[in-house]
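This report concerns only the one structure given below.
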Amino acid sequence: MKITLPDKSVRDLPDGSSGYDVAKDIGPGLAKSAVAIIVNGEKKDLHDIIEKDSTASIITIDSEDGLEIMRHTLAAQVLAKALKNLYPKSYLAIGPTIEDGFYYDIETSQSISVDDLEKIEKEMNKIISSKSSITKRIASKKDALKVFKSLEEPYKQTIINESDQKDNFQLYYQDQDSFVDLCKGPHLPNLSFIGSFKLTKVSGAYWKGDSKNTMLTRIYGTAWNSDKDLNKHLNSIEEAQKRDHRKLGKEMDLFHFQDEAPGMVFWHPDGWTIYRQLQNFVRQKIESNGYVEINTPLVIDRKLWEASGHWDKYRENMFITEIDEEHANEKRVNALKPMNCPGHVQIYNQGIKSYKDLPLRFAEFGACHRYEPSGTMHGLMRVRGFTQDDGHIFCTEDQIESETGLFINLLSDIYADLGFKDFNIKLSTRPEVRVGSDKTWDKAEQALESAIKNLGYPYKLDEGDGAFYGPKLDFVLTDAIGRAWQCGTFQLDFNLADRLDAEFVGEDGKKHIPVMIHRAVLGSFERFIGILIENYSGKLPFWLAPKQVVVASIVSEVNDYVMEIQELFKNKGIRTEVDLRNEKISYKVREHSSKKVPIILAIGKNEKANNTVSIRRIGSNDSKVMDLNKAVQEITKENTI
RNA sequence: GCUCAUAUAGCUCAGCGGUAGAGCACUUGCUUGGUAAGUAAGAGGUCACCGGUUCAAGUCCGGUUAUGAGCUCCA
């Protein structure tokens, strides 16, 4: 039998050889660290017999694939067994690997909490210390069903029953033990390959991810080849928690939430300063990109929402208001706008539009309210009241491609200025709940896809994820610690203009329906500010920082000089505060540093005598003495985007 | 919306049947101190809300609301 290795070398082995034999043939070191094998592109257990001439490569424990297999074995063989040992009356569901770790879902009548994790870890370590070999046997459907029937594992039986494979069910065993798991494999050849792990959390999860099904208990863990790697991972989680915008928002006194208005932000002075800076920045960008800013009502009669289709397709997300009958002559049902589009069409509809008016680009910092389910809210990232940097472009079909290009330019320009260099594009097509005919959707999807294709941007297709009125492009940016955030959106709509009677007079003198493009760059200010805070760990770029400079006195006799300095900076438009309190300079430095003020000027007798300032920047532990006027000049220069 | 957990002083948290605690912050003294916490004293709480058990409830039980972690949504 001939085995071709990745380096194209060919080895001749006796028929009936396994992956382990191949590894041993290459070298004893490899045989020692081998955990599985890839045969003709398929991952197999190390001791599976290779049936014919094949290409193969050995998976070692220290490779990516090896780590993945180790996590898988840890979940399916160790965690599952530990759970069955501790909770014999539970039923096993599934236990896959995920990024950095694994989880196992079980159904249990006893509730399992984080306090139980230590106990489970102990049981897992006991199982691992046996260093048992893992063996498998191939069973027919009937045979496999029999095994899991006798073990009283209903979920495993369901998996087997719903499987379209006939007989190739793999049952994994550990030495003489009675534990069996159904698994597609591969697994480690034995438990001595298990590295360092930690169970991290417990939560509920639906069987097969469907909220109509039973809620199972899901136990999460993370696993690595060494203690060092495990600790590195645990540290990076801690680091991410340190930049949680909810924590920083409190520490920096930017905003708060309270029970009476769940999902609605109370912006404090410093938080609102960031908001206004960001808004002015976007305003300037869109104005120079041919948009005109408008503003439309928050509360609008249901009739308009019926006409737009929102009442039908979006009602469960809408806040409805009703006038108190006793005080009103007529009863009217209104909705708080969840989107700005119908309002924009109303402004478009005032007066007759010509093809010469197109493309017409309306922009609005539109405050929207959506009734999000209670479990989905998350700080500033997912709220019920938010303001979009919204815009609607009314144009002809011929203009779609150029508008797509202009928008992507605007978006990448804004992202770059805010410190985000990378973004990905996703093309989403018709969802199940939608308005408009399939023919219209065909046209819209084709138009958007050909626009993005012709412009040459790479994109990924996401079928069925479009808005109810049209297909869209979504823009996903990557932050400083590699997380992805979907922010910008560009949605092509061939329906709404028609529904709300928007028209224009074409060159032919006849009436036509314009194409409407819904678009946003940041998405919402609330969410985007949350992203900015986390991206920068609260240390915002100078132009965005709510307090830019704090001038702190070291002794009270320099107070007049401190006030003078503040005046100079304020005159240059720098947001500057003084700290004249009777406290030590180290106390003041600590306090303003923890509030992430970019620049602290410490002022003592020397500075006053020489007309200088001592500059300390956030993130740096030294200070630099500089001539006052030069400092004003230099820092003013930094106050640009 | 679902599962589990949590809710005590402005903040972070301890207390878990028997007159409400700590650190920081706050106020007032003293201290004018050179780059991440000077010092002493004082003030501050219907223990989320509603109901139940008990001689007695932050403490045990039920419900409501909110928050957190997931799930499901959303985009």
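Chain identifiers are assigned alphabetically (A, B, ...) following the order of the sequence lines, protein sequences preceding nucleic acid strands; residue numbering begins at 1 within each chain. Given the structure is predicted, the values throughout are model-derived calculations rather than measurements.
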* Select one nucleotide: of B:A75, B:A36, B:U67, the one nearest the side-chain heavy atoms of A:Pro262. => B:U67
* Structure fact -> Out of B:U12, B:A75, B:A36, minimum distance to the side chain of A:Gln486 belongs to B:A75
* To do: For A:Gly488, report the nucleic acid contact type (base, sugar-phosphate, nothing); a contact means any heavy atom under 4.0 Å.
  => nothing
* To do: Answer yes or no: are there more than 12 heavy-atom neighbours, outside A:Lys624 itself, under 6.0 Å from its atom NZ?
  => no
* **Rounded P spacing from B:G1 to B:U64 in Å** => 11 Å
* Structure fact -> Between CZ of A:Phe257 and P of B:A48 the distance, given in whole Å, is 22 Å
* To do: Determine if the base of B:G62 is syn or anti; take syn to mean the glycosidic torsion is within 90° of 0.
  => anti
* To do: Quickly, which of A:Glu68, A:His72, A:Arg71 forms a side-chain hydrogen bond (donor to acceptor under 3.5 Å, both in side chains) with A:Thr97? Name it, please.
  => A:Glu68
* Asked: Under 4.0 angstrom, heavy atoms only, what part of the nucleic acid is A:Gln491 near: base, sugar-phosphate, or nothing?
  -> sugar-phosphate
* **Among A:Leu418, A:Val282, A:Ile533, side chain to side chain contact (heavy atoms under 4.5 Å, CB included) partner for A:Phe528** => A:Leu418
* Does B:C71 pair with anything, Watson-Crick or G-U wobble, both distances under 3.5 Å, and if so, with which nucleotide? -> B:G1
* To do: Take the protein atom CG of A:Leu199 and the nucleotide atom P of B:C4, then report the distance between them rounded to whole Å.
  => 20 Å
* Asked: For atom C1', what is the distance between B:A25 and B:U67, given to the nearest Å?
  -> 23 Å
* Structure fact -> When rounded to whole Å, the CZ to P distance for the pair A:Arg590 and B:G38 reads 9 Å
* Asked: Which whole number of Å gives the distance between the P atom of B:A56 and that of B:U19?
  -> 15 Å
* Structure fact -> Scanning both residues in full, the closest heavy-atom pair of A:Ser412 with A:Phe423 reads CB-CE2, 3.5 Å
* So does A:Lys201 get a side-chain nitrogen or oxygen closer than 4.0 Å to the phosphate oxygens (OP1/OP2) of B:G70? -> yes
* Structure fact -> In Watson-Crick or G-U wobble terms, with both distances under 3.5 Å, the base opposite B:A14 is none
* To do: Side chain of A:Glu607 only, please: which of B:G34, B:U3, B:A37 is the nearest?
  => B:G34
* Return the value, rounded to whole Å, for the distance between atom CG of A:Asp116 and atom P of B:A69. => 21 Å
* Going by distance alone, is a donor N or O of one side chain under 3.5 Å from an acceptor N or O of the other, for A:Asp105 and A:Trp207? -> no
* Residue A:Thr489, side-chain atoms from C-beta onward, closest of B:A75, B:A69, B:G34 -> B:A75
* Counting only side-chain N and O atoms of A:His378, is one of them less than 4.0 Å from OP1 or OP2 of B:A69? -> yes
* To do: Specify the separation, in whole Å, of atom CZ of A:Phe468 and atom C1' of B:C74.
  => 14 Å
* Below 4.0 angstrom from OP1 or OP2 of B:A69, is there any side-chain N or O of A:Arg218? -> no
* Asked: With a 3.5 Å cut-off and just heavy-atom distances, do the side chain of A:Arg382 and the base of B:C74 make a donor-acceptor pair?
  -> yes
* To do: Just call it for A:Gly209: base, sugar-phosphate, or nothing, with non-hydrogen atoms closer than 4.0 Å on any strand.
  => sugar-phosphate
* Distance-only donor-acceptor test (3.5 Å): side chain A:Arg384, base B:C74 -> no
* To do: May I have the distance from A:Leu522 (atom CG) to B:A75 (atom P), rounded to whole angstrom?
  => 19 Å
* Under 4.0 angstrom between A:Arg246 side-chain N/O and B:A69 OP1 or OP2 -> yes
* To do: Establish, with yes or no, whether the OP1 or OP2 oxygen of B:A36 is under 4.0 angstrom from a side-chain nitrogen or oxygen of A:Ser594.
  => no
* Euclidean distance, atom CD1 of residue A:Ile600 to atom P of B:G34 [Å, nearest integer] -> 17 Å
* To do: Measure from the side-chain heavy atoms of A:Ser586 and tell me the nearest of B:C74, B:G38, B:U72.
  => B:G38
* Determine whether the aromatic ring centres of A:His392 and A:Phe362 lie less than 6.0 Å apart. => no
* To do: With heavy atoms under 4.0 Å as the rule, sort A:Tyr220 into base, sugar-phosphate or nothing.
  => sugar-phosphate
* Structure fact -> Test side-chain hydrogen bond (donor to acceptor under 3.5 Å, both in side chains), reference A:Tyr469, set A:Gln491, A:Arg499, A:Arg434, output is A:Gln491
* To do: Ignoring hydrogens and angles, answer whether the base of B:A36 and the side-chain atoms of A:Arg616 contain a donor-acceptor pair closer than 3.5 Å.
  => yes
* B:C24 versus B:A20 - spacing of their P atoms, nearest Å -> 23 Å
* Quick one: look up who B:C30 pairs with, Watson-Crick or G-U, both distances under 3.5 Å, and put none if it's unpaired. => B:G38
* Which nucleotide in the list B:G34, B:C73, B:A37 gets nearest to the side chain of A:Ile585? -> B:G34
* Asked: If we call it a pair only when both distances are under 3.5 Å in a Watson-Crick or G-U wobble match, what pairs with B:C60?
  -> B:G52
* **Distance, C1' atom - from B:G17 to B:C60, rounded to whole angstrom** => 8 Å
* P atoms of B:U3 and B:G63, separation to the nearest Å -> 11 Å
* To do: Decide yes or no, distance alone: a donor-acceptor N/O pair under 3.5 angstrom between the base of B:G1 and the side-chain of A:Glu316.
  => no
* Any chance you could lay out the side chain to side chain donor-acceptor pair (under 3.5 Å) test for A:Glu372 and A:Asn317, step after step, and finish with the verdict? => CA-CA 6 Å; A:Glu372 301 288 352; A:Asn317 284 298; over 6 Å; no
* Asked: Judged by modelled atom types alone, do A:Tyr561 and A:Glu607 share a side-chain donor-acceptor pair under 3.5 Å?
  -> no
* **Presence of A:Tyr206 side-chain N/O under 4.0 Å of B:C4 phosphate oxygens OP1/OP2** => no
* From B:A37, B:U35, B:C2, pick the nucleotide closest to the side chain of A:Ala602? -> B:U35
* Residue closer to the 5' end of RNA chain B, A:Lys588 versus A:Ala261 (nearest nucleotide) -> A:Lys588
* **Per A:Ala205 side chain, nearest of listed nucleotides B:U65, B:G38, B:C71** => B:C71
* B:A43 and B:G21, which share atom name P, separated by this distance in whole Å -> 13 Å
* Which part of the nucleic acid does A:Asn606 contact within heavy-atom distance under 4.0 Å: base, sugar-phosphate only, or nothing? -> base
* To do: Check whether any side-chain N or O of A:Lys208 sits under 4.0 Å from OP1 or OP2 of B:U72, and answer yes or no.
  => no
* Side chain of A:Ser614: nearest nucleotide among B:A69, B:G38, B:G34? -> B:G34
* Minimum-distance nucleotide to A:Ser203 side chain [options: B:C74, B:A75, B:G70] -> B:G70
* Do A:His518 and A:Thr489 come close enough that some side-chain heavy atom pair is under 4.5 Å? -> no
* Asked: Within this structure, what is the NZ-to-C1' distance between A:Lys313 and B:A75, rounded to whole angstrom?
  -> 19 Å
* Asked: Can you tell me how far C1' in B:U8 sits from the matching atom in B:U59, rounded to whole Å?
  -> 11 Å
* With heavy atoms under 4.0 Å as the rule, sort A:Lys250 into base, sugar-phosphate or nothing. => sugar-phosphate
